[in-house]
There are 2 protein chains.
Amino acid sequence: MGTRQATAKRARGADPAATREAILAAATQVFLESGYGAASMDAIAQAAGVSKQTVYAHFGAKDALFGAIIHGRADRILALIPGALGAVRDPAATLTDIGRSYLDLLLTPETLARFRVVVAECMRFPELAAAFHREGPERAVTALAAYLADLDRRGALSVAEPALAAAQFFGALRGDLFLRRLLGVGPPPTAAAVAAAVAAAVRTVLAAHRRD
Amino acid sequence: MGTRQATAKRARGADPAATREAILAAATQVFLESGYGAASMDAIAQAAGVSKQTVYAHFGAKDALFGAIIHGRADRILALIPGALGAVRDPAATLTDIGRSYLDLLLTPETLARFRVVVAECMRFPELAAAFHREGPERAVTALAAYLADLDRRGALSVAEPALAAAQFFGALRGDLFLRRLLGVGPPPTAAAVAAAVAAAVRTVLAAHRRD
DNA sequence: GTCTATAAAAGGATAGAC
DNA sequence: GTCTATCCTTTTATAGAC
């Protein structure tokens with residue numbers, strides 16, 4: 001029963017910033033687990049180890065708290081890609097790295113849960129959905145398109161429409177694996193299955209844009 | 001103020017089957033528009049033009065009604081594909097037809113809304129999500145895989161893994177268009193944009209499986 | 001800033017009349 | 001089978017003490 005407990009639970013007497021972080025962490029967990037509608041402010045307060053009134057003191061209302069846990073959490077997809085630009089590596093190896101890290105991130109339980117709640121609430125919070133798309137999928141497509149355009153300039157590949165090609169690559173990569181996990185159908189894919197999907201997507205994009 | 005009104009609204013005095021249909025139609029509208037949690041039985045009853053008790057008399061509980069409007073509504077994707085099997089048409093033309101009808105169906109507001117609620121509630125109703133996947137996406141992949149395997153046998157294409165190739169084709173087809181509409185980001189795509197996405201996906205799959 | 005206690009409203013489900 | 005009226009629980013949000 002000490003006076004200081006720095007974990008996510010129990011923020012009694014800690015500084016306000018820590019309390020705020022504890023609330024955000026708890027809200028993330030509860031919202032992603034239950035969805036916006038089923039998540040109660042009581043459950044969030046309890047998970048954060050504070051009273052409900054404290055939650056309201058920090059965030060004002062339920063929708064503001066929801067916005068806070070979605071915003072600013074831009075999926076840090078592919079810090080890889082900018083580095084790939086202008087690199088001299090084999091395109092196949094680079095695309096494989098990009099594909100694997102993209103798919104690994106997408107198949108993470110947290111990413112899937114975040115995707116589910118944004119999809120579920122996109123009509124109620126259209127700006128949140130737009131921000132999510134802008135900071136996540138759109139950024140990934142833009143970055144990969146830049147890389148593909150670079151390969152085209154360097155003569156390694158023939159890519160007439162880089163943005164479309166990038167969207168197709170990511171789409172082919174998601175294929176059925178992402179859909180199954182998003183819907184929670186069946187067991188998680190094995191590492192081998194993921195690797196096979198990446199390899200196939202890379203083969204396909206290379207074949208489609210092979211230089212004549 | 002007549003005694004018979006056969007439209008979706010007002011089922012007073014009509015036969016039970018019509019009442020049931022009116023409730024199903026209203027429930028579909030309300031659930032797809034608001035999501036499971038935000039949809040109230042009051043709103044459904046009102047939209048159907050009956051009392052709440054009548055809704056309960058027919059379906060017993062909210063979750064049962066939700067199941068009824070999702071189940072049995074298997075997306076009738078691609079009645080095309082079975083017919084394509086063994087056909088002598090140009091594979092490019094057939095794949096273009098398949099791709100266009102698939103994408104057109106997926107971009108329908110009703111399909112998008114149904115997808116959203118199933119994704120949103122897949123943790124609460126896992127069997128419903130499994131049925132949705134089985135009757136929709138999985139069936140489409142299976143059918144296209146059969147067609148691709150047939151093309152491989154006939155020597156038109158070289159498809160080593162038909163199921164993976166089919167999933168990739170549909171994934172590439174969805175690309176960014178489906179994601180944007182799912183999240184409600186930006187305006188709907190033009191017919192030209194959809195046609196371009198289909199054409200690009202067809203080009204890609206043909207290039208990837210060109211016979212050596 | 002944080003807590004306990006409470007207000008105020010909404011929604012799922014049921015009872016009983018016709 | 002259908003309707004009106006009601007119960008009971010849950011939930012958001014606020015008041016007031018420390």
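Every value quoted in this text rests on a predicted model; they were computed, and no experiment measured them.
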For D:dT2, does OP1 or OP2 lie under 4.0 Å from any side-chain N or O of B:Thr54?
no
With sequence neighbours left out, write down each residue that passes side-chain contact (heavy atoms from CB on, under 4.5 Å) with B:Val119, or none if nothing qualifies.
A:Arg116, A:Val119, A:Leu182, A:Leu183, B:Phe115
Residues in side-chain contact (heavy atoms from CB on, under 4.5 Å) contact with A:Gln53, at least two apart in sequence or another chain:
A:Ser51, A:Tyr56
Using the 3.5 Å cut-off, write out each protein N or O paired with an N or O of nucleotides 11-17 of chain C and the distance between them.
residue : atom : partner : partner atom : Å
C:dG12  : OP1  : B:Ala39 : O            : 3.1
C:dG12  : OP1  : B:Lys62 : NZ           : 2.7
C:dG12  : OP2  : B:Met41 : N            : 2.7
C:dG12  : N7   : B:Lys52 : NZ           : 3.4
C:dA13  : OP2  : B:Tyr56 : OH           : 2.9
C:dA13  : OP2  : B:Lys62 : N            : 3.2
C:dA13  : N6   : B:Lys52 : NZ           : 2.5
C:dT14  : O4   : B:Gln53 : OE1          : 3.3

In whole Å, I'd like the distance from the CZ atom of A:Phe59 to the P atom of D:dT12.
16 Å
Set of side-chain contact (heavy atoms from CB on, under 4.5 Å) partners for B:Thr142, sequence neighbours left out
B:Glu138
Nearest-Å distance, CD (A:Gln46) to P (D:dT12)?
13 Å
For A:Ala27, enumerate each residue passing the side-chain contact (heavy atoms from CB on, under 4.5 Å) test, keeping only those at least two apart in sequence or located in another chain.
A:Phe31, A:Ile44, A:Leu65, A:Ile69
side-chain hydrogen bond (donor to acceptor under 3.5 Å, both in side chains) pairs touching residues 178-206 of chain A, sequence neighbours excluded, are A:Asp176-A:Arg180, A:Thr204-B:Gln168
